[in-house]
Novice: 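Please find one structure pasted underneath; my questions will follow.
In what follows, every chain begins at residue 1, and chains take the letters A, B, ... in the order their sequences are listed.
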Number of protein chains: 2
Amino acid sequence: MEILDIGDVAERTGVAVSTLRYYDEIGLIASVGRRGLRRQFGPEAVWQIALIALGKKAGFSLDEIAGMFRANGTVDLPRPVLHGRADEIDRQIRDLTVLRDALRHVAECPAPSHLECPRFRKLLRVAGRRGKA
Amino acid sequence: MEILDIGDVAERTGVAVSTLRYYDEIGLIASVGRRGLRRQFGPEAVWQIALIALGKKAGFSLDEIAGMFRANGTVDLPRPVLHGRADEIDRQIRDLTVLRDALRHVAECPAPSHLECPRFRKLLRVAGRRGKA
DNA sequence: CTGCCACTTAAAGTCAACTTGAGGTCAAGC
DNA sequence: GCTTGACCTCAAGTTGACTTTAAGTGGCAG
């Protein structure tokens, strides 16, 4: 259970084999070797891929993700860069919170048009400010 | 200042004219009319587009965003659907929090390899759980 | 009335992130 | 030893979200 075939990795992560090959191709993940032609991965690949999926879901491009974590799963970026990324994510969390609140509000507010509701307008103002920045 | 040319909307929102035309084409926004050939928008378009930008930044597709807000800026989806969307965003916020914490941890943790650090492994476990769901 | 310029359309092009397809390889089970 | 099936490569195709291009239109300043 130390070394995994690409198919095993696919099964454990829920990521398609073709996608894993693609990630390997672009250097986002790295196989530990080959058995014949077959790529073999160490068990840490599963964690790496989970992180990649997380980053993707967070709206980061594969390039940006590659900039956060190395193919071997380690990170050796300067701290300020990492903190910068974290701050970026924090901003995104705040944006999402606005969106979520807007949605929840819309689900509950009895105003005839939401554009007339002061609470909704306030949410939109926040959205506008973020948009322009 | 009631009615805006597409160029004015572009300027106020920071979104390219071609993009606005594209949004119009796919029914994501709606012009209130034309002056000659020129599309005209009401001032609410600015808020709508801010919301679209917000949703995009949050990683939603234009289709998904279209499913949240109508072209005219109002919403008339059933409440459970809206709450479902909000819950989805909540999950995403939690995911982002994991990613942010992982990043911040990596920036600070002195462990030789992060894969050996128990705190990091715990973060990854959370990531793994989310990935499979 | 003329020219300008921001707009118009339709179609084609671009980019990221994959997926699909055709044809090939190899280790394992029968 | 032969088949099977999961893998391989390389190229081409797909999708979403736009942007670009070419050719045209029309309101307004001079």
Side-chain angles (χ1 to χ4, degrees), chain A residues 1-42 45-46 48-69 71 92 95 99 131, chain B residues 1-42 45-46 48-69 71 92 131:
Chain A
M1 204 276 237
E2 248 297 284
I3 291 289
L4 302 166
D5 263 23
I6 193 172
D8 303 331
V9 176
E11 201 187 332
R12 273 161 213 238
T13 58
V15 171
V17 170
S18 64
T19 306
L20 295 177
R21 269 196 294 261
Y22 174 68
Y23 286 174
D24 187 16
E25 214 170 288
I26 64 174
L28 198 52
I29 59 177
S31 59
V32 297
R34 297 268 178 141
R35 174 172 55 124
L37 283 179
R38 295 172 187 207
R39 288 166 181 82
Q40 311 254 212
F41 294 90
V46 174
Q48 293 174 31
I49 292 157
L51 268 188
I52 292 168
L54 207 58
K56 276 195 13 153
K57 214 177 148 206
F60 292 96
S61 70
L62 296 186
D63 255 29
E64 288 171 319
I65 294 168
M68 295 179 195
F69 304 96
Q92 198 150 339
D95 284 354
L99 187 56
Chain B
M1 205 272 234
E2 246 298 282
I3 292 290
L4 303 167
D5 263 25
I6 193 172
D8 303 331
V9 176
E11 200 187 332
R12 273 160 213 238
T13 58
V15 172
V17 170
S18 64
T19 306
L20 295 177
R21 268 197 293 264
Y22 174 67
Y23 286 174
D24 187 16
E25 214 170 285
I26 65 174
L28 198 53
I29 60 177
S31 58
V32 297
R34 296 271 180 140
R35 174 172 55 124
L37 282 179
R38 295 171 189 208
R39 286 166 184 81
Q40 311 255 210
F41 293 91
V46 175
Q48 294 173 32
I49 291 156
L51 268 188
I52 292 168
L54 205 58
K56 276 195 13 153
K57 213 176 147 207
F60 292 95
S61 71
L62 296 186
D63 255 28
E64 287 171 321
I65 294 168
M68 295 180 194
F69 304 95
Q92 197 150 339

Novice: Looking at the base of D:dA6, is there any donor atom on it, or on the side chain of A:R38, that sits under 3.5 Å from an acceptor on the other one?
Specialist: yes
Novice: Tell me: CD1 of B:I52 to C1' of D:dA17, nearest whole Å?
Specialist: 13 Å
Novice: Given atom CG of A:D5 and atom C1' of D:dC8, what is their separation to the nearest angstrom?
Specialist: 12 Å
Novice: Rounded off to whole Å, could you give me the CG-to-P distance for the B:D63 and D:dG16 pair?
Specialist: 7 Å
Novice: Nearest of C:dT19, D:dA17, C:dT9 to any side-chain atom of B:S61?
Specialist: D:dA17
Novice: What verdict does the side-chain contact (heavy atoms from CB on, under 4.5 Å) test give for B:Y23 and B:L62, after you've listed the backbone C-alpha separation in whole Å, the side-chain angles of each residue and the deciding distance to 0.1 Å?
Specialist: CA-CA 9 Å; B:Y23 286 174; B:L62 296 186; 3.7 Å; yes
Novice: With heavy atoms under 4.0 Å as the rule, sort B:I6 into base, sugar-phosphate or nothing.
Specialist: sugar-phosphate
Novice: Check the distance between C:dC5's P and B:D8's CG and give it to me in whole angstrom.
Specialist: 18 Å
Novice: Are any of A:T19's side-chain N or O atoms less than 4.0 Å away from OP1 or OP2 of C:dA17?
Specialist: no
Novice: Does the side chain of B:I29 reach to within under 4.5 Å of the side chain of B:V9, using non-hydrogen atoms?
Specialist: no
Novice: Measure from the side-chain heavy atoms of A:L62 and tell me the nearest of C:dC18, C:dA28, C:dC7.
Specialist: C:dC18
Novice: Between C1' on D:dC8 and CZ on A:R39, what's the gap in Å once rounded to a whole number?
Specialist: 7 Å
Novice: How many whole angstroms separate atom CD of B:E25 from atom P of C:dA11?
Specialist: 11 Å
Novice: Please work out if A:S18 contacts a base, only the sugar-phosphate, or nothing of the nucleic acid, heavy-atom cut-off 4.0 Å.
Specialist: base
Novice: So A:D5 and A:Q40, do their side chains get closer than 4.5 Å, heavy atoms only?
Specialist: yes
Novice: Counting only heavy atoms not in B:E11, do more than 12 sit closer than 6.0 Å to its CD atom?
Specialist: no
Novice: Nearest to the side chain of B:Y23, heavy atoms from C-beta on, is which of D:dC18, D:dT9, C:dT19?
Specialist: D:dC18
Novice: Can you tell me the distance, in whole Å, between the CZ atom of A:F41 and the P atom of D:dC7?
Specialist: 11 Å
Novice: Rounded to the Å, how far apart are A:D24 CG and C:dA17 C1'?
Specialist: 16 Å
Novice: Need one value for A:R21: base, sugar-phosphate or nothing, where a base atom within 4.0 Å counts as base even if backbone is also close, heavy atoms only.
Specialist: base
Novice: Reading DNA chain D from 5' onward, which residue's closest nucleotide shows up sooner: B:L37 or B:K56?
Specialist: B:K56
Novice: Is A:D24 close to A:I6 at the side-chain level, that is, under 4.5 Å between some pair of heavy atoms?
Specialist: no
Novice: Below the 4.0 Å mark, does D:dA6 have OP1 or OP2 next to a side-chain nitrogen or oxygen of A:R35?
Specialist: no
